[in-house]
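Atoms within each ligand, like the ligands themselves, are counted from 1 in listed order.
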Amino acid sequence: MHELSIAESVVETVLDRTGGRHVTVVRLRVGKLSGVVTDSLQFCFELATAGTPLEGAELWIEEPAGRVHCRSCDREYARDDMILLCECGSADVEVVSGRELQLTSVEVV
Ligand SMILES: [Zn+2]
């Protein structure tokens with residue numbers, strides 16, 4: 001389960017940085033092309049935080065849209081799904097942005 005391992009590593013990183021203080025909010029940036037299911041990540045975050053200083057913390061997820069570049073027709077455009085097929089019919093499409101998975105900030109008490 002991909003989202004559970006992400007949630008666990010987020011919790012580990014936050015615990016590392018906050019030194020066991022009570023955390024109330026965790027903010028993540030999860031690109032729309034990262035393949036991460038945010039509903040599932042929310043659920044896994046609750047599981048991963050149980051019994052830790054992060055228990056009960058809110059997870060705020062920002063989802064920036066993706067941008068892709070087609071090598072065949074040399075166009076760049078926004079894309080919100082993982083179907084990387086250009087309108088020109090080419091599948092030779094690279095992701096320019098939208099795969100980010102970053103912990104942006106936390107709030108501690
Ligand atoms: Zn194209």
Side-chain angles (χ1 to χ4, degrees):
M1 204 172 170
H2 189 46
E3 282 75 13
L4 185 57
S5 59
I6 294 167
E8 282 170 346
S9 70
V10 166
V11 170
E12 248 173 63
T13 307
V14 173
L15 284 174
D16 261 13
R17 307 286 161 89
T18 56
R21 284 192 290 164
H22 184 61
V23 176
T24 52
V25 177
V26 174
R27 290 192 192 85
L28 289 182
R29 182 176 291 139
V30 179
K32 287 212 165 145
L33 301 181
S34 64
V36 174
V37 181
T38 52
D39 281 353
S40 174
L41 186 56
Q42 285 282 4
F43 176 72
C44 292
F45 181 77
E46 272 179 43
L47 294 181
T49 54
T52 75
L54 279 78
E55 186 163 358
E58 284 177 52
L59 182 62
W60 292 356
I61 300 175
E62 181 197 343
E63 293 179 88
R67 285 199 74 76
V68 298
H69 172 250
C70 175
R71 289 191 191 95
S72 298
C73 64
D74 200 31
R75 273 190 304 165
E76 196 181 300
Y77 46 92
R79 189 99 242 196
D80 279 352
D81 55 47
M82 291 298 286
I83 303 157
L84 299 179
L85 189 66
C86 182
E87 282 167 20
C88 75
S90 171
D92 191 11
V93 173
E94 63 179 331
V95 175
V96 179
S97 67
R99 280 196 169 141
E100 49 277 86
L101 184 57
Q102 295 168 323
L103 182 60
T104 53
S105 69
V106 297
E107 280 174 25
V108 293
V109 183

Margin query: Quiz question: by atom type and distance under 3.5 Å, do the side chains of Arg27 and Ser105 form a donor-acceptor pair?
Written below: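 Arg27 vs Ser105: donor-acceptor pair found between side chains.
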
Notebook entry, point to check: Does any N or O in the side chain of Glu76 come within less than 3.5 Å of the main-chain N or O of Arg67, such that one atom is a donor and the other an acceptor?
Noted result: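 Absent.
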
Next item on the list: Give a yes or no answer on whether the side chain of Glu12 reaches the backbone of Val10 with a donor-acceptor pair at less than 3.5 Å.
Entry: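 Not a single qualifying donor-acceptor pair exists.
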
Next item on the list: For the Zn ion (ligand 1), check which protein N, O or S atoms are under 2.8 Å away and list them.
Entry: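 Within the sphere that stays under 2.8 Å of the Zn ion (ligand 1), the protein atoms of type N, O or S are Cys70 SG, Cys73 SG, Cys86 SG, Cys88 SG.
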
Margin query: Assigning hydrophobic clusters by single linkage (Ile, Leu, Val, Met, Phe, Trp, Tyr; side-chain heavy-atom cutoff under 4.5 Å), is Val96 placed with Val30?
Written below: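 Cluster IDs for Val96 and Val30 differ.
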
Notebook entry, point to check: Applying the side-chain contact (heavy atoms from CB on, under 4.5 Å) test to Leu59, which of Val26, Thr38, Val25 qualifies?
Noted result: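 With Leu59 as partner, Val26, Thr38, Val25 yield a single side-chain contact (heavy atoms from CB on, under 4.5 Å), made by Val26.
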
Check: Is Glu62 paired with Arg29 through a side-chain N to carboxylate O contact shorter than 4.0 Å?
Finding: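 Salt bridge: yes.
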
